Structure formats: structure tokens, C-alpha cells
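Have a look at the structure below, then the notes.
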Amino acid sequence: MGDTKTASSGTSLAQHFAHVAAGHARNRSVNAIVLLQFEQAQLLVQIQDGRVTEVLDTFPPLASWDFAIKADADTWSRLWQVIPEAGSHDIFALAKNGHMRIEGNLHPLMAHLQYMKDLLALGRRAAE
């Protein structure tokens with residue numbers, strides 16, 4: 001695969017995503033709380049009016065979210081390759097193949113699918 005993120009741990013992938021997603025904004029009326037899980041590392045991503053307002057790596061045990069996207073570090077690394085392989089290019093392809101789980105209220109995900117796909121694709125950016 002040749003990508004340095006491939007050998008990364010869930011924690012380092014979560015930190016990378018938190019860094020590149022902070023302040024991400026689009027001119028959309030997206031409002032959602034999303035749980036992203038990278039192996040055991042979790043992030044709670046708060047989106048208000050199309051802007052990522054918070055990315056938390058620690059949160060209360062009873063915190064709630066609209067939906068969750070969960071995968072191991074290798075799966076996130078494959079998704080975040082500059083040019084992902086077939087079957088690793090999309091969250092739905094990865095879910096269909098059993099490598100990623102999408103859980104919870106899928107309405108906000110499906111209603112703002114392109115926004116969410118673009119947000120998750122931010123992980124392809126090199127660390128700055």
C-alpha cells in the first residue's frame with residue numbers, strides 16, 4: 001500500500017482526523033453529533049450549521065450521538081489512501097464487506113451524505 005498511515009494505530013488516526021477536521025465548514029445546514037471509532041480510540045464530532053464545532057476524544061460515559069461509524073485502524077488507513085483500492089474507497093463499500101460498521105439514526109447521514117463523505121475524506125490529507 002505504501003501509505004504511512006497504514007501502519008498507524010487507532011489513536012494516531014483519531015488524532016490525525018481531529019486535527020484535519022477541526023473547523024471544517026460547508027455552506028450546509030448540517031446538524032449532527034457523530035461518533036467515529038478507530039479501533040478503541042473514539043471521537044465525538046459535533047457539527048452545527050455545517051461547521052465542525054468540536055472534536056472530543058474524551059466525553060462523558062452517557063454521551064449520545066446521532067450515528068456512529070466504526071472500524072479498525074487498517075480499514076481507516078485503506079479508506080484514507082490518496083487513491084483507495086476498489087472496495088476501500090467508500091464507507092458503504094467497507095460496510096458491505098464487513099470492515100466498517102454504521103450504526104444509529106441513519107437519517108442525518110443519508111440526508112447529508114455528500115457532506116459526511118467529504119468530512120470523512122479529510123483523513124486523506126497529510127498531517128500538517
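We're numbering straight along the sequence, starting at 1. These figures come from a predicted structure and were not determined experimentally.
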Practice problem: Using the test side chain to side chain donor-acceptor pair (under 3.5 Å), find all partners of T75 that sit at least two apart in sequence or belong to another chain. | Solution: D72, R78

Practice problem: Examine distances only and state if a side-chain atom of H99 and a backbone atom of A71 form a donor-acceptor pair shorter than 3.5 Å. | Solution: no

Self-check item: Heavy-atom side-chain contact between F67 and V34 under 4.5 Å
Solution: yes

Quiz item: Is any side-chain heavy atom of I47 less than 4.5 Å from a side-chain heavy atom of M116?
Solution: yes

Self-check item: For the student: nearest non-hydrogen atoms of P108 and D66, plus distance
Solution: CG-CB, 3.9 Å

Quiz prompt | L113 and F92, any side-chain heavy atoms less than 4.5 Å apart | solution = yes

Quiz item: In Å and rounded to the nearest 0.5 Å, what is the CG to CD1 distance from L43 to I69?
Solution: 12.0 Å

Quiz item: By side chain to side chain contact (heavy atoms under 4.5 Å, CB included), which residues pair with A95, not counting sequence neighbours?
Solution: I102

Quiz prompt | Side chain proximity check, L120 to W76, heavy atoms < 4.5 angstrom | solution = yes

Quiz item: What salt bridge (charged side-chain N to carboxylate O under 4.0 Å, His left out) pairs are there with at least one residue in residues 89-100, not counting sequence neighbours?
Solution: D90-K117

Quiz item: With sequence neighbours excluded, what pairs up with Q15 under the side chain to side chain donor-acceptor pair (under 3.5 Å) test?
Solution: none

Quiz prompt | Distance-minimising heavy-atom pair for G10 and A73 | solution = N-CB, 3.7 Å

Quiz item: Got I83 and H89 here, is their nearest side-chain heavy-atom distance under 4.5 Å?
Solution: no

Self-check item: ILVMFWY clustering at 4.5 Å (side-chain atoms), partners of L35
Solution: I33, L44, L56, F59, W65

Self-check item: Heavy-atom pair with the smallest gap, counting every atom of R124 and V82
Solution: CD-O, 4.3 Å

Quiz item: What residue pairs, at least two apart or across chains, pass side-chain hydrogen bond (donor to acceptor under 3.5 Å, both in side chains) with a residue in residues 100-115?
Solution: K70-E103, R101-E103, Q114-D118

Practice problem: For the pair S88 (side chain) and P84 (backbone), establish whether a donor and an acceptor sit closer than 3.5 Å, ignoring hydrogens and angles. | Solution: no

Practice problem: Measure the CG-CG distance between L36 and L119 for me, rounded to the nearest 0.5 Å. | Solution: 7.5 Å

Exercise. For N31, check side chain to side chain contact (heavy atoms under 4.5 Å, CB included) against everything at least two apart and list the hits.
Key: Q48, D49

